Amino acid sequence: MSYTKDDIRRIAQEQNVRFIRLQFTDLLGTIKNVEIPVSQLEKALDNKMMFDGSSIEGYVRIEESDMYLYPDLDTWVVFPWVAEDRIARLICDVYMPDGTPFAGDPRGILKRVLKEAEEMGFTSMNVGPEPEFFLFKTDANGNPTTELNDQGGYFDLAPMDLGENCRREIVLTLEEMGFEIEASHHEVAPGQHEIDFKYADAIKAADQIQTFKLVVKTIARQHGLHATFMPKPLFGVNGSGMHCHQSLFQGNVNAFYDESDKLGLSQTARYYMAGVLKHARAFAAVTNPTVNSYKRLVPGYEAPCYVAWSASNRSPMIRIPASRGLSTRIEVRSPDPAANPYLALAVMLKAGLDGIQNKTPLPAPTDRNIYVMTDEERIEEGIPSLPDDLKEALSELLRSEVICDALGEHALSHFYELKEIEWDMYRTQIHEWERDQYLTLY
């Protein structure tokens, strides 16, 4: 929906809104907010709310800390789970005191790459995200455990799927907040769930992912459960992905569709896909940003480990869903829900645009099951692997001028520094597996 300032003032009064959360996202994808009483609403609507950016991961140094929040009025929503003294939300862009957009704001980074697409003639990027999550029981103190609340599998129902009631309430809450839910179901692993919502333009889709995570965690907690978007919380079962369906439009025309093509794909779609494949190893550090992300990207658990595409086969990184016409799109299957959605969409779009600009040739499709191919067969077919770990992904990131440019110098340097620290902490830590293997053996 579109809102004016008058709409927001009226709704706030009619629904007894007492507090407003001015939300934004840090470089790691964590939602932050400044909560203000409704008496300060006018100040917020006039873009005059200031906050200390030096306290936010990847933002600025303490000597340049003052920053301003510019709310996007169309993101106004009143949280339905608070009955009295109600709380509303506005998602904000981050600006410097001189009125220029902050270079390290993830939402602003995505807007900048979308502007590049617009300059190439593409008026919008449509995205249909599919973030998966696990539900775990909590202990007597409300802390998360790794004890599952069901033993269900793909598309199972209650009594096997004991998360069904929680998932249903999540869906109802999302609908009340303006989401158009297309499906919800139990995923392959015990305790794993997926809720699919309708595609939207890239900015709205990223906003929705952040809102979705907040709702899922809030409703799960009300059911005595902990929801996690950790990519691989359990060994031996499928991890959680965030497949991203994407297409480019020129006005009302889907630039990815060509009815005369055997697969219904335009040359633009093929160039875009070639760009995504070419830069996949480089943008993995952004779309799969944690140490744990690479525990998901291993053979045997339906996650894509290999940089390839197919119109039907689900083992490659990109597949082409069957729908055509306005629904023609590619599905990039490698991202996971730990990714900052603004940055993830920005780097994938940048990669695709680079493919279009340079008319990058698309490799032949891979219609065999890549998981059963030998290393020699994959090399012969020219199918590279995604990075094996975060360290390799970070090295690949720095080698790519295109992906570095998508992030910009400020975000790149801070993101890389934060991730290097994460890798070093993991590398130097002693893990339970090591004690199990070596403590008595040596």
Side-chain angles (χ1 to χ4, degrees), residues 25-32 55-59 104 106 131-134 136 143-147 189 191-192 213 217 226-242 280-307 317 334-344 347 384-400 403-404 407 411-442:
T25 298
D26 72 10
L27 270 185
L28 298 181
T30 304
I31 299 174
K32 302 293 184 179
S55 301
I56 306 300
E57 290 284 17
Y59 271 41
E132 298 167 336
F133 59 95
F134 277 81
F136 290 106
N143 297 316
T145 70
T146 53
E147 185 180 352
Q192 188 183 31
K213 290 180 179 180
K217 286 180 172 290
H226 174 73
T228 180
F229 292 91
M230 180 180 177
K232 186 83 169 185
L234 299 173
F235 173 73
V237 299
N238 287 22
S240 291
M242 186 175 70
R281 286 176 55 82
F283 66 58
V286 180
T287 57
N288 307 86
T290 70
V291 164
N292 181 254
S293 295
Y294 298 88
K295 307 294 179 73
R296 167 183 168 254
L297 298 177
V298 295
Y301 299 99
E302 299 187 12
C305 319
Y306 307 111
V307 183
M317 191 187 104
S334 55
D336 68 51
N340 181 323
Y342 302 101
L343 298 184
V347 294
S385 300
L386 287 167
D388 288 331
D389 54 41
L390 181 60
K391 179 64 174 177
E392 183 182 352
L394 290 170
S395 297
E396 290 290 329
L397 171 63
L398 289 189
R399 291 194 189 103
S400 172
I403 303 306
C404 289
L407 295 174
L412 173 66
S413 60
H414 285 79
F415 179 85
Y416 187 86
E417 181 183 2
L418 290 168
K419 289 299 161 182
E420 264 204 322
I421 291 170
E422 179 180 335
W423 173 256
D424 206 49
M425 289 173 64
Y426 170 75
R427 182 183 63 81
T428 57
Q429 184 63 255
I430 309 303
H431 301 276
E432 193 62 36
W433 183 90
E434 296 170 270
R435 284 188 281 267
D436 290 343
Q437 294 293 316
Y438 307 134
L439 197 61
T440 57
L441 183 61
Y442 296 105

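Remember, predicted model here, so these are calculated numbers, not experimental data.
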Can you tell me how far [atom2] of [Y] sits from [atom1] of [X], rounded to the nearest 0.5 angstrom?
| X | Y | atom1 | atom2 | result |
| --- | --- | --- | --- | --- |
| L343 | I403 | CG | CD1 | 11.5 Å |
| L397 | F415 | CG | CZ | 7.0 Å |
| L394 | E417 | CG | CD | 12.0 Å |
| Y416 | L407 | OH | CG | 13.0 Å |
| L398 | C404 | CG | SG | 5.5 Å |
| T146 | F235 | OG1 | CZ | 14.5 Å |

Please give me the minimum heavy-atom distance between [X] and [Y], naming the atom from each residue.
| X | Y | answer |
| --- | --- | --- |
| D26 | L28 | OD1-N, 3.0 Å |
| M317 | V307 | CB-CA, 4.3 Å |
| Y294 | A284 | OH-O, 3.1 Å |
| S334 | L297 | O-CD2, 4.2 Å |
| L386 | R281 | C-NH1, 3.7 Å |

Side-chain donor/acceptor of [X] to backbone N/O of [Y], under 3.5 Å:
| X | Y | answer |
| --- | --- | --- |
| E434 | H431 | yes |
| E396 | F283 | no |
| K213 | P337 | yes |
| N340 | L27 | yes |
| N292 | K232 | yes |
| K419 | K391 | no |

Original post:
So E422 and M425, side-chain contact (heavy atoms from CB on, under 4.5 Å) or not? Walk me through it.
Top reply: CA-CA 5 Å; E422 179 180 335; M425 289 173 64; 5.8 Å; no
Subject >> Parallel, tilted or perpendicular, as decided by the 30° and 60° cut-offs, for the rings of F136 and F134 >> reply: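 Judged by the thresholds at 30° and 60°, the geometry between F134 and F136 is parallel.
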Original post:
Parallel under 30°, tilted from 30 to 60°, perpendicular over 60°: which one fits the rings of W433 and Y438?
Top reply: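 Rings of W433 and Y438: perpendicular, over 60°.
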**OP:** Could you check R296 against N288 for side-chain contact (heavy atoms from CB on, under 4.5 Å), going step by step and ending with a plain yes or no?
**Re:** CA-CA 9 Å; R296 167 183 168 254; N288 307 86; 3.7 Å; yes
**OP:** Start with the C-alpha distance between Q437 and L441, add both sets of side-chain angles, then the distance that settles side-chain contact (heavy atoms from CB on, under 4.5 Å), and finish with yes or no.
**Re:** CA-CA 7 Å; Q437 294 293 316; L441 183 61; over 6 Å; no
**OP:** Check the pair F229 / K217 against side-chain contact (heavy atoms from CB on, under 4.5 Å), numbers first and verdict last.
**Re:** CA-CA 9 Å; F229 292 91; K217 286 180 172 290; 4.1 Å; yes
Subject >> side-chain contact (heavy atoms from CB on, under 4.5 Å) partner of P231, the single match among S240, P335, S293, P289 >> reply: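 For P231, the side-chain contact (heavy atoms from CB on, under 4.5 Å) check succeeds only for S293.
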